[in-house]
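Below: one structure, written as structure tokens.
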Amino acid sequence: MRPPTGRDTNSRSPDYDHLAPLFHEMAALTDTDPRRAVLREKLVTEHLPVAQHIARRFSNRGEPHEDLVQVATLGLINAVDRFQPDRGVDFLSFAVPTIMGEVRRHFRDTGWAVRVPRRLKELHLSINAAIGELSQRLGRAPTPSELAGHLGISQEEVFEGLEATNAYRSASLDDMLVADDDSVSLGDAIGEVDTELAQVEYRETLKPLLARLPERERTVLVLRFFGNMTQTQIAERIGVSQMHVSRLLARTLAQLREELRDATG
Amino acid sequence: MSSAHHVEGADEAESRREAHRGPDRASRVDLRIEARPGQLSVVRAVAADLAMHQDFDLDAISDLRLAVDEACAELIGLATGDSGLHCRFEVRPQEIRMAAEVLSADSRAPRQDSFGWRVLAALVDHVRATTAPAAADPGGHLVRIELVKRRTREVDG
């Protein structure tokens with residue numbers, strides 16, 4: 001824990017000192033007071049350079065700069081809303097970590113978790129496309145050597161590209177690559193579950209957890225573990241990539257594991 | 001896009017892989033990690049890497065990775081305080097075996113009617129759990145999960 005002295009020259013700038021009294025002013029107003037909204041907007045607008053500065057610091061990591069500015073601005077708005085001026089901490093000491101946290105969360109949720117070079121991302125994309133093509137042709141998932149042969153690259157490069165997938169924790173890229181597939185009918189597999197679950201312990205605990213999953217996650221899980229389909233077959237059925245199915249399963253299983261543990265002790 | 005490809009790298013990779021595969025011998029990887037959920041990523045990464053280098057198809061690579069994750073998470077849940085998780089991989093041309101073990105305070109084996117077990121059974125070709133009394137010091141029970149993932153899934157029947 002860093003003591004809230006405000007001595008940190010990186011996060012403190014005289015440019016913003018004149019705004020400090022406004023926080024006190026805002027804190028004194030009730031939530032419904034129209035002057036509060038005016039102050040809030042002014043504080044956000046005046047501090048925008050802070051958000052922009054932080055967004056720039058993350059701008060070489062492959063996320064569009066405008067997105068980062070937007071996320072950082074969201075962090076700034078949260079900081080303005082949550083800041084308590086009577087705590088003896090100056091606003092920037094509070095806002096900078098809040099904004100950074102928001103940007104980091106953005107990377108964690110929707111982007112590459114660690115910095116991945118552009119070459120690897122492109123490799124990832126071309127491998128992803130090749131997986132789709134080869135799966136169609138072979139009627140099963142391809143192997144790394146088949147991918148290497150198809151793309152005319154070395155197996156080491158395929159390994160590298162597949163490993164890059166692990167750095168890419170979310171499915172947002174896949175989401176962008178496929179059309180909005182909410183229209184795909186996912187419902188018909190769900191009926192099988194009830195009979196299958198009859199043999200599973202804690203089914204009364206499990207059922208509501210399954211019911212609460214987003215439809216796509218639930219469908220993937222059901223098709224894999226109750227429908228005995230391979231990831232590649234599921235990918236084709238619901239119109240996403242095999243890698244996407246793999247990630248959805250990993251995420252959903254980890255989540256269910258945690259929830260089941262919490263629910264059953 | 002893939003212009004960075006250079007031939008020496010590929011040749012080196014080829015020879016290394018030949019050496020790695022060997023004739024028919026199993027190669028082993030032993031891992032000892034703290035029995036904490038945060039360590040699961042290490043075991044997952046090793047499992048996926050081994051399957052990848054054995055040229056398993058992508059479904060099998062992902063299934064093995066998920067199965068190892070599930071098995072080790074189950075064991076971590078049973079492990080006593082600061083005991084570790086011992087995880088041994090045996091890589092053969094047609095299959096990868098994993099045996100993971102923890103020291104547990106009670107002799108209870110992972111339940112086989114659980115959702116987690118069902119997941120495990122669906123992901124690999126063979127899985128079983130065993131328990132055995134541990135040595136008198138420190139006492140307790142060794143709980144073990146063994147699984148086998150084959151290169152291509154056998155057609156049932």
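Residue numbering restarts at 1 for every chain, and letters A, B, ... go by the order of the sequence lines. Please read all numbers here as calculations on a predicted model, not as lab measurements.
Taking every heavy atom of both residues into account, A:P144 and B:F56 meet most closely at CD-O, 3.1 Å.
To the nearest 0.5 Å, the span separating CG on A:L249 from OG on B:S62 amounts to 6.5 Å. For the atom pair CG of A:L162 and CD1 of B:I61, the computed distance is 6.5 Å after rounding to the nearest 0.5 Å. Between the CG atom of A:L134 and the CG atom of B:D57 there is a distance of 11.5 Å, given to the nearest 0.5 Å. In this structure, the separation between CD on A:E160 and CE on B:M52 is 10.0 Å, given to the nearest 0.5 Å.
With a 4.5 angstrom heavy-atom cutoff, B:L66 touches chain A only via side-chain atoms. In this structure, the portion of B:R111 lying under 4.5 Å from any heavy atom of chain A is its side chain and not its backbone. If you measure heavy-atom distances from A:L138 to chain B, you find no contacts under 4.5 Å at all. If you measure heavy-atom distances from B:Q112 to chain A, you find no contacts under 4.5 Å at all. For chain B, the nearby part of A:L206 is the side chain; its heavy atoms alone come within less than 4.5 Å.
By the 4.0 Å N-to-carboxylate-O rule, A:R224 lies too far from B:D59 to be salt-bridged with it.
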Evaluate the side-chain hydrogen bond (donor to acceptor under 3.5 Å, both in side chains) criterion for residues A:T143 and B:D55: first the C-alpha distance (whole Å), next the side-chain angles of each, then the deciding distance (0.1 Å), finally the verdict.
CA-CA 6 Å; A:T143 68; B:D55 207 32; 3.3 Å; yes

Run the side chain to side chain contact (heavy atoms under 4.5 Å, CB included) check on A:E146 and B:L58 step by step: do they pass?
CA-CA 11 Å; A:E146 286 164 345; B:L58 297 186; over 6 Å; no

Assess whether side chain to side chain contact (heavy atoms under 4.5 Å, CB included) is satisfied between B:L123 and A:F225, documenting all intermediate values.
CA-CA 8 Å; B:L123 289 171; A:F225 297 115; 3.7 Å; yes

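Classified by interplanar angle (parallel below 30°, tilted 30° to 60°, perpendicular above 60°), the ring pair B:F115/A:F226 is parallel.
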